[in-house]
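Computed from a predicted model, the values in this text were never measured in an experiment.
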Amino acid sequence: MTVIADYRLVPEVKFPEPAEDVRDAIAWFLSNTAEVVAGGTLPPGAQLDRIVVMGHSAGANHVSTLFLSEDILPLSSPVRAATRGLVPKGGAFKFTFGDMPLLPTGVLEEYYGSQEVTPQKMPTALVAGASEALIKSLPDVFVLASEREPA
């Protein structure tokens, strides 16, 4: 089964709201699996409480941010407990202004708040500042880099 969570976009939202949208969608799914699968068929033994979370491009940034921030996803969260794998694909995890040709000018500043704040909130900074407990809480992570995605 594949569940595709959507999130709001800039300029209507600011950091960390899209990551919160993904968190809330996953939490809703975990709380409503009976409703989700009603009328459908699943293979015997399907475990809907053991999930893999994947995000592509900006979605890779959002799922990485989600799992790297205890403020957004506490260590005791049912979403964290149910997640067995994290697959960020083709995302940008470290930003250098002027080196992001795929993004319209000003998107990072609008999302994160400013050029000064962005380096503190990007996924690589969240990893660097993560507690040992948070790192140990991470599910298996499989990062996929695409040929024409950011370095």
Side-chain angles (χ1 to χ4, degrees), residues 1-33 36 46-151:
M1 170 180 284
T2 301
V3 176
I4 301 172
D6 204 355
Y7 50 84
R8 295 166 291 159
L9 304 173
V10 167
E12 285 75 33
V13 297
K14 306 288 185 221
F15 177 89
E17 293 169 317
E20 293 169 338
D21 291 346
V22 172
R23 175 204 60 207
D24 295 346
I26 296 168
W28 183 91
F29 168 77
L30 291 171
S31 295
N32 294 279
T33 55
V36 172
Q47 296 177 318
L48 298 179
D49 61 342
R50 297 175 53 88
I51 63 173
V52 174
V53 176
M54 179 179 179
H56 174 253
S57 192
N61 179 293
H62 300 323
V63 300
S64 298
T65 297
L66 174 61
F67 281 86
L68 292 170
S69 175
E70 291 180 60
D71 293 336
I72 303 169
L73 190 66
L75 296 180
S76 60
S77 167
V79 170
R80 193 178 291 276
T83 304
R84 298 297 179 255
L86 183 60
V87 184
K89 177 190 179 295
F93 306 108
K94 181 176 183 178
F95 310 116
T96 305
F97 290 93
D99 291 341
M100 301 294 292
L102 301 177
L103 286 178
T105 303
V107 168
L108 290 174
E109 296 92 327
E110 193 165 353
Y111 178 61
Y112 286 107
S114 71
Q115 279 194 19
E116 295 73 34
V117 173
T118 299
Q120 301 163 22
K121 295 180 179 179
M122 61 189 173
T124 53
L126 296 177
V127 169
S131 69
E132 185 176 331
L134 185 138
I135 296 298
K136 286 183 178 182
S137 78
L138 290 173
D140 290 337
V141 179
F142 184 57
V143 179
L144 294 170
S146 303
E147 181 180 0
R148 292 191 172 89
E149 298 285 354

Would you tabulate the side-chain donor-acceptor contacts of residues 73-86 under 3.5 Å, counting partners in other chains and residues two or more places apart, or write 'none'?
| from | atom 1 | to | atom 2 | distance (Å) |
| --- | --- | --- | --- | --- |
| Ser77 | OG | Val79 | N | 3.1 |
| Arg80 | NE | Leu73 | O | 3.4 |
| Arg80 | NE | Pro74 | O | 3.4 |
| Arg80 | NH1 | Phe67 | O | 3.2 |
| Arg80 | NH1 | Ser137 | OG | 3.1 |
| Arg80 | NH2 | Phe67 | O | 3.4 |
| Arg80 | NH2 | Leu73 | O | 2.6 |
| Thr83 | OG1 | Val79 | O | 2.6 |
| Arg84 | NH1 | Ala81 | O | 2.5 |

Flag side-chain contact, heavy atom, 4.5 Å: Asp6 against Asp21: no

Heavy-atom pair with the smallest gap, counting every atom of Val141 and Pro88: CG1-CD, 4.1 Å

Please collect all salt bridge (Lys or Arg N to Asp or Glu O under 4.0 Å) contacts where either partner lies in residues 116-129, sequence neighbours excluded, each pair once. none

In residues 9-17, what donor-acceptor pairs under 3.5 Å come from side-chain atoms, sequence neighbours left out?
| from | atom 1 | to | atom 2 | distance (Å) |
| --- | --- | --- | --- | --- |
| Lys14 | NZ | Glu110 | O | 3.4 |
| Glu17 | OE1 | Lys14 | N | 2.7 |

Not counting sequence neighbours, list each pair that qualifies as a side-chain hydrogen bond (donor to acceptor under 3.5 Å, both in side chains) and has a residue in residues 64-73. Asn61-Thr65, Glu70-Ser131

Which atom pair, heavy atoms only, marks the closest approach of Gly91 to Ala60? CA-CB, 3.7 Å

Could you go through residues 23-32 and list every donor-acceptor pair under 3.5 Å that involves a side-chain atom there, pairing it with any protein atom two or more places apart or in another chain?
| from | atom 1 | to | atom 2 | distance (Å) |
| --- | --- | --- | --- | --- |
| Arg23 | NH1 | Ile72 | O | 2.8 |
| Ser31 | OG | Ala27 | O | 3.1 |
| Asn32 | ND2 | Trp28 | O | 2.7 |

Partners meeting side chain to side chain contact (heavy atoms under 4.5 Å, CB included) with Ile135 (sequence neighbours left out): Ala130, Leu138

Under the side chain to side chain contact (heavy atoms under 4.5 Å, CB included) test, residues paired with Met122 that sit two or more places apart: Lys94, Phe95, Pro119, Thr124, Ala125

Tell me, which pairs form a ring pair (Phe, Tyr, Trp, His ring centres under 6.0 Å) where one or both residues lie in residues 113-143, sequence neighbours left out? none

Got a sec, which pairs hit salt bridge (Lys or Arg N to Asp or Glu O under 4.0 Å) with one end in residues 122-142, sequence neighbours left out? Glu132-Lys136

Sequence neighbours excluded, the answer for side chain to side chain contact (heavy atoms under 4.5 Å, CB included) partners of Gln115 is Phe97, Glu109

